[in-house]
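Working notes for the structure below.
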There are 2 protein chains.
Amino acid sequence: MELDERKLKILQAVVRNYLETGEPVGSRTISKYTDLNLSSATIRNEMADLEELGYILQPHTSAGRIPSDKGYRLYVDHMMAEKEKEVQEIKEMLLKKEEKMDQLLKQTARLLANDTNYAAMVSAPMVRGNKVKFVQLSRVDETQLVAVVVAEGNLIRNNMISVSRPVDDETLLKLNILLNTSLNGLSLSEINLGMIANLKAQAGAHEAIVSEVIDAVAATIGEEEDLEIYTSGAKNIFKYPELSDNQKASEIINAFEEKNTLHSLVHQTLTNEESTGIQVYIGDESPVSTMKDCSVVTATYDLGEGMKGTIGIIGPKRMDYEKVVDTMKSIMKQLDQVYK
Amino acid sequence: MELDERKLKILQAVVRNYLETGEPVGSRTISKYTDLNLSSATIRNEMADLEELGYILQPHTSAGRIPSDKGYRLYVDHMMAEKEKEVQEIKEMLLKKEEKMDQLLKQTARLLANDTNYAAMVSAPMVRGNKVKFVQLSRVDETQLVAVVVAEGNLIRNNMISVSRPVDDETLLKLNILLNTSLNGLSLSEINLGMIANLKAQAGAHEAIVSEVIDAVAATIGEEEDLEIYTSGAKNIFKYPELSDNQKASEIINAFEEKNTLHSLVHQTLTNEESTGIQVYIGDESPVSTMKDCSVVTATYDLGEGMKGTIGIIGPKRMDYEKVVDTMKSIMKQLDQVYK
DNA sequence: TATTAGCACTCAACTCATTCGAGTGCTAAT
DNA sequence: ATTAGCACTCGAATGAGTTGAGTGCTAATA
């Protein structure tokens with residue numbers, strides 16, 4: 001048995017209807033809802049087939065049908081109409097270019113959540129591959145230095161360095177020159193242990209203090225990315241009864257608060273990137289088990305200069321996929337342009 | 001009618017019992033629970049009095065009694081036993097002094113939440129009154145400068161400054177000297193508009209570029225504190241049925257995600273500080289209406305050098321106040337010592 | 001042969017009455 | 001002043017009955 005045109009239409013109707021109402025949908029409804037002009041009986045026969053094929057299922061014997069994960073998948077892959085939708089507010093919002101990156105991302109998350117009525121997340125861009133533009137070491141007082149590193153994309157990192165013995169002006173100057181000439185133009189990931197050893201050698205091993213400082217600078221530069229993630233609209237999950245029983249809500253909320261789960265999502269998305277850049281995980285397909293009752297839509301944005309990040313929407317399986325994908329596309333377009 | 005010794009004991013028993021079970025507590029229970037050796041009938045009479053006095057109330061005619069806000073208040077103020085409790089893990093945790101402040105605070109929040117089974121928040125310390133130790137302006141490339149400001153407590157702020165025309169070395173040097181001599185030792189809040197105007201005058205008004213740079217530095221220094229708040233254990237509210245219906249849970253979760261509400265809490269706490277430093281808000285007493293069905297316990301920690309922050313616990317009214325206050329005291333002690 | 005009308009059947013959800021029991025207030029006895 | 005005892009209240013749990021949306025199957029129809 002194969003999926004003919006009519007079965008597809010019926011499946012589509014089931015999905016659409018279920019997305020709207022959240023209730024299992026019966027044969028009579030479909031019979032009226034579609035333009036097929038078939039009686040409910042015929043629809044029933046077709047639906048029995050669709051169930052056998054695994055595209056829809058019955059929550060209990062005398063209920064209507066709801067789409068299975070497989071059914072959603074088919075819908076998402078082949079049956080979503082392309083809609084041109086205005087997301088005016090987003091443009092207005094993003095185009096006024098919040099000066100602070102974190103503000104911008106937070107704002108973006110809030111926007112995504114408000115616009116879709118699902119929970120949203122936005123990861124800060126990862127800067128792997130970013131190149132060092134500027135390094136400076138300055139003395140704050142007798143025993144403390146501050147190291148400032150500026151990378152492409154105007155990413156600034158700094159660190160206080162405590163030294164056991166004061167560093168004199170001349171040494172400081174030498175160090176600055178050394179650091180700048182050696183590190184400039186290198187990407188953060190290129191600065192590895194060998195590099196550091198090399199630097200130390202150049203600085204002269206007899207100066208223990210220099211070694212100490214270089215270690216600190218290396219730590220500053222190589223500092224483990226802690227991948228900030230901004231979330232918004234967690235409360236939206238309460239709008240969908242199928243997610244808001246205590247057990248499930250608790251899990252999802254927790255995932256949103258302790259961000260680890262979301263980290264996996266981000267990594268998954270970044271490594272997994274497809275042509276369109278938008279990925280849809282339905283139920284069990286999701287890379288994180290906490291989300292097995294949800295659908296997750298993620299996408300990658302690209303600020304240029306190797307700075308890539310992820311935005312995502314988490315909602316019920318009966319998510320309005322078209323709207324979400326639309327919104328995400330629109331936001332990505334805006335984000336991509338922010339720093340052009 | 002006054003509260004005699006016996007009424008107090010009964011009230012205490014009601015509160016204790018309700019804290020444990022979350023169920024309205026009846027006269028018979030009390031009669032057995034306490035060492036008063038009174039029959040349930042007597043207890044009933046006393047409870048009727050207590051109800052009239054407003055310390056307890058009945059959810060419905062034939063149910064037991066639960067403490068009113070007023071009852072909780074009396075309990076918290078006068079009847080909590082001082083317990084010496086070990087919070088060993090906390091010591092171990094905090095004493096190993098996470099190098100990064102934000103890691104430490106996040107960890108603290110997580111600890112509070114885990115230890116108490118309520119939702120926890122920790123605000124980053126506010127630095128009002130903190131003094132500038134060091135200011136430096138460096139050139140990154142032709143059109144971009146980076147301003148670095150270090151304040152007491154080794155709080156570092158920095159900002160990129162784009163200039164329309166390149167700044168030459170000499171000007172940069174002059175600016176650095178000017179900035180350091182004028183700003184050093186001032187508290188961040190002392191650097192106001194007048195101060196800035198003064199600086200500009202000294203820099204010489206004919207140099208438009210200088211003015212531009214000073215504005216940017218001022219912005220860096222005076223940068224609006226955005227008061228980072230770390231939260232943990234939001235999921236814990238699902239453990240208490242009286243908070244986990246959709247409506248309430250949604251509100252609380254939202255307050256935890258969009259941090260504004262918590263900001264009010266922090267400000268309230270910092271201005272309102274009492275002798276003990278620990279404040280308990282029960283139900284409607286809470287400064288934020290979102291928390292009207294909860295109890296909120298807050299406290300102030302002090303890292304010295306004018307750096308103060310807030311920790312807080314949000315849970316149901318039937319919160320184990322003794323444990324919470326204990327835990328908070330312990331954590332505060334640890335926090336206070338971290339930077340001594 | 002594909003479609004449909006019709007019918008018996010299923011089952012969650014709702015209603016309604018009943019029971020149960022924890023709790024109360026009151027009164028009379030101690 | 002305390003208590004035993006009793007009638008009373010009322011939410012919660014139970015269970016029977018009803019409803020209605022939905023199904024599968026079969027026989028009639030186009």
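Heavy-atom basis, side chains included; hydrogens, waters and symmetry copies ignored. Protein chains get the first letters and strands the later ones, always in sequence-line order, with residue 1 at the start of each. Just so it is clear, the model here is predicted, and its values are computed rather than measured.
Nucleotides of DNA chain D nearest to B:Asn37 and B:Ser62 differ in position, and the one nearer the 5' end is that of B:Asn37. Between B:Thr42 and A:Pro24, it is B:Thr42 whose nearest contact on DNA chain D lies nearer the 5' terminus.
Residues passing the side-chain contact (heavy atoms from CB on, under 4.5 Å) test with A:Arg318 are A:Tyr18, A:Leu19, A:Tyr72, A:Tyr240, A:Pro241, A:Glu242, A:Pro316, sequence neighbours excluded. Residues satisfying the side-chain contact (heavy atoms from CB on, under 4.5 Å) criterion with A:Gln247, sequence neighbours excluded, are A:Asp245, A:Glu251.
Phosphate proximity of C:dT24 to B:Arg65: present, with a side-chain N or O under 4.0 Å from OP1 or OP2. In this model, the phosphate group of C:dC11 is approached by a side-chain N or O of A:Thr61 to a distance below 4.0 Å at OP1 or OP2. Taking side-chain N and O atoms only, A:Ser40 has no distance below 4.0 Å to OP1 or OP2 of D:dG22. OP1 and OP2 of C:dT4 both lie 4.0 Å or more from every side-chain N or O belonging to A:Arg28.
Whole-Å rounding puts the A:Ile43 CD1 to C:dA5 P distance at 12 Å. The separation between B:Arg44 atom CZ and C:dA22 atom P is 14 Å, rounded to whole Å. C:dG23 atom C1' lies 13 Å from atom CD1 of B:Ile56, rounded to whole Å. Taking atom CG of B:Leu36 as the reference point, atom C1' of D:dT3 lies 15 Å away to the nearest angstrom. Rounded to a whole Å, the CD atom of A:Glu46 is 15 Å from the P atom of D:dC25. We find that CD of B:Glu51 is positioned 15 Å from P of C:dG23, with the value rounded to whole Å. Separating the CD atom of B:Gln58 from the P atom of C:dA22 is a distance of 16 Å, rounded to the nearest angstrom. Per the geometry, CG belonging to A:Asn45 stands 13 Å off P belonging to C:dA5, to the nearest Å.
Comment: A:Asp115 does not engage A:Lys323 in a salt bridge, judged by the lack of any side-chain N to carboxylate O separation of less than 4.0 angstrom. Under a 4.0 Å N-O distance rule, the pair B:Glu257/A:Lys235 does not qualify as a salt bridge.
Judged by the 6.0 Å distance and 45° axis criteria, A:Lys106 is not positioned over the aromatic ring of A:Tyr230.
Closest non-hydrogen pair, A:Ser232 versus A:Ala113, comes out as O-CB, 3.6 Å. For B:Gly233 against A:Glu258, the heavy-atom pair with the smallest separation is N-OE2, 4.0 Å.
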Exercise. Dot-bracket for DNA chain C, 5' to 3', with Watson-Crick and G-U pairs under 3.5 Å, [ ] for crossing pairs and | for other-strand pairs: what is it?
Worked result: ||||||||||||||||||||||||||||||

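Checked against D:dG11, C:dG25, C:dT24, the side chain of B:Met47 finds its nearest nucleotide in C:dT24.
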